[in-house]
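Basis for what follows: all heavy atoms, side chains included, without hydrogens, waters or symmetry-related copies.
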Amino acid sequence: METGIRWIAAGDKPAFLTLWQQYLDFYGVTLAPEVTEATWQRLLDPGSALAGRVALQDGRVAGFALHVNHASTWVTGDDCYLEDLFVDPALRGTGLGRALIDDLMALARARGWQRLYWHTARDNARARRLYDSYVETDDHIRYRMDL
């Protein structure tokens, strides 16, 4: 099997939407279609802080890593927030998730970003095994309010 990672592109929309829906289903979330469309448009907008990388398996989009680069008050440089990471469930365990994280780490280092961080659900044991292989959790608890 041939794998690769690249920036998300307009032609990836059908594959991305399929994976995106699987991702939302995994977390039991329903989003209005206009939210998904706005996310897609941001991913294609070079001026947007939201950007996306896709993993390819034999030329097919098989996963994504969506991230936001932003200034930080804790370091002199920027941070990178990995907001969404997902791999086609049929291809889990093949190294695509690790490849997406490694790719984002390399991108962040090349751009001089100083930290990479992400969140996951406490009960997402499979993903946590992957994440724990990189770094221990810092035990922060997230608070989020809708406005």
Side-chain angles (χ1 to χ4, degrees), residues 1-72 74-75 77-140 142 144:
M1 287 193 270
E2 186 177 329
T3 63
I5 298 179
R6 63 166 169 73
W7 291 105
I8 201 163
D12 297 329
K13 188 174 186 179
F16 172 78
L17 291 177
T18 297
L19 292 171
W20 181 249
Q21 189 58 56
Q22 291 174 334
Y23 178 67
L24 296 177
D25 292 346
F26 176 81
Y27 278 109
V29 173
T30 301
L31 292 179
E34 58 268 20
V35 174
T36 293
E37 183 60 26
T39 297
W40 178 251
Q41 292 305 318
R42 287 180 185 133
L43 288 169
L44 297 181
D45 179 358
S48 173
L50 181 64
R53 304 282 284 169
V54 291
L56 304 173
Q57 185 73 49
D58 294 329
R60 177 178 77 81
V61 174
F64 58 78
L66 310 183
H67 64 277
V68 177
N69 165 242
H70 63 87
S72 172
W74 291 85
V75 294
D78 287 354
D79 281 346
C80 180
Y81 173 46
L82 173 56
E83 186 161 359
D84 303 299
L85 178 75
F86 187 76
V87 171
D88 180 335
L91 295 171
R92 294 205 181 129
T94 63
L96 287 178
R98 180 172 299 280
L100 282 162
I101 293 173
D102 289 349
D103 172 75
L104 193 51
M105 289 169 56
L107 177 69
R109 286 182 177 128
R111 294 186 173 188
W113 303 341
Q114 293 188 276
R115 297 184 306 176
L116 172 63
Y117 69 101
W118 60 90
H119 302 96
T120 195
R122 290 179 200 259
D123 65 351
N124 192 352
R126 187 166 192 168
R128 290 185 67 186
R129 279 192 300 278
L130 171 62
Y131 302 155
D132 289 347
S133 73
Y134 285 96
V135 65
E136 291 183 21
T137 180
D138 61 10
D139 290 324
H140 279 83
R142 181 181 72 170
R144 178 176 59 196

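- Side chain of Tyr131 to main chain of His119: no donor-acceptor pair is present (N/O by atom type, distance under 3.5 Å, no hydrogens or angles).
- Judged by distance alone, the side chain of Asp132 and the main-chain N or O of Arg129 form no donor-acceptor pair under 3.5 Å.
- Applying the side-chain contact (heavy atoms from CB on, under 4.5 Å) test to Asp103 and every residue at least two apart in sequence or in another chain returns Ile5, Arg53.
- Partners of Glu83 according to the salt bridge (charged side-chain N to carboxylate O under 4.0 Å, His left out) rule, which considers only residues two or more places apart in sequence or in another chain, do not exist here.
- Here the side chains of Leu104 and Trp118 are not in contact, with every heavy-atom distance at 4.5 Å or above.
- Among all heavy-atom pairs drawn from Ala127 and Thr120, the shortest one is CB-OG1, 4.4 Å.
- Remark: Asp102 CG to Leu107 CG distance equals 12.5 Å, nearest 0.5 Å.
- We find the CG-CZ distance between Leu96 and Arg98 to be 12.0 Å, quoted to the nearest 0.5 Å.
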### Task
Just do the side-chain contact (heavy atoms from CB on, under 4.5 Å) check on Leu43 and Leu50 with the steps written out, would you?
CA-CA 6 Å; Leu43 288 169; Leu50 181 64; 3.7 Å; yes
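- Of the inter-residue distances, the one linking Leu66 atom CG with Arg42 atom CZ reads 12.0 Å to the nearest 0.5 angstrom.
- Listed by chain and residue number, Ser72, Asp79 satisfy the side chain to side chain donor-acceptor pair (under 3.5 Å) test with Arg115 (two or more places apart in sequence, or in another chain).
- Asn69 has its side chain out of reach of Arg111: every pair of non-hydrogen atoms, C-beta onward, lies at least 4.5 Å apart.
- The aromatic rings of Trp113 and His67 sit tilted relative to each other, their planes meeting at an angle between 30° and 60°.
- Residue pairs satisfying the ring pair (Phe, Tyr, Trp, His ring centres under 6.0 Å) criterion with at least one member in residues 33-53, sequence neighbours excluded, are listed as follows: Phe16-Trp40.
- Listed by chain and residue number, Tyr27, Asp123, Asn124 satisfy the side-chain contact (heavy atoms from CB on, under 4.5 Å) test with Ala121 (two or more places apart in sequence, or in another chain).
- Of all non-hydrogen atoms in Leu44 and Ala10, the two that sit nearest each other are CD2-N, 3.7 Å.
- Legend: residues meeting side-chain contact (heavy atoms from CB on, under 4.5 Å) with Arg109, ordered by chain and number and at least two apart, are Met105.
- With sequence neighbours left out, Gln22 forms a side chain to side chain donor-acceptor pair (under 3.5 Å) with no residue at all.
- Residues forming a salt bridge (charged side-chain N to carboxylate O under 4.0 Å, His left out) with Arg92 (at least two apart in sequence, or on another chain): none.
- The nearest pair of heavy atoms linking Ala62 to Leu91 is CB-CD1, 3.5 Å.
- Among residues two or more places apart in sequence or in another chain, the ring pair (Phe, Tyr, Trp, His ring centres under 6.0 Å) test is passed with Tyr117 by His70, Tyr81.
- If you look at Phe64 and Tyr23, their ring centroids are closer than 6.0 Å.
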### Test side-chain contact (heavy atoms from CB on, under 4.5 Å) applied to Leu116 and Tyr134, step by step
CA-CA 11 Å; Leu116 172 63; Tyr134 285 96; over 6 Å; no
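- Partners of Arg128 under the side chain to side chain donor-acceptor pair (under 3.5 Å) rule, at least two apart in sequence or in another chain, do not exist in this structure.
- With sequence neighbours excluded, the residues that form a salt bridge (charged side-chain N to carboxylate O under 4.0 Å, His left out) with Asp88 are Arg60.
- Within the model, atoms CG of Asp12 and CG of Leu17 stand 10.5 Å from one another, a figure rounded to the nearest 0.5 Å.
- Listed here is the closest heavy atom pair of Leu85 and Ala65: CD1-CB, 3.9 Å.
- Legend: residues meeting side-chain contact (heavy atoms from CB on, under 4.5 Å) with Ala15, ordered by chain and number and at least two apart, are Val61.
- Atom-to-atom distance recorded for Lys13:NZ and Ile8:CD1 is 11.0 Å, nearest 0.5 angstrom.
- The backbone N or O of Leu130 sits less than 3.5 Å from a side-chain atom of Ser133, completing a donor-acceptor pair.
- Judged by distance alone, with hydrogens and angles left aside, the side-chain atoms of Ser48 form no donor-acceptor pair with the main-chain N or O of Asp45 at under 3.5 Å.
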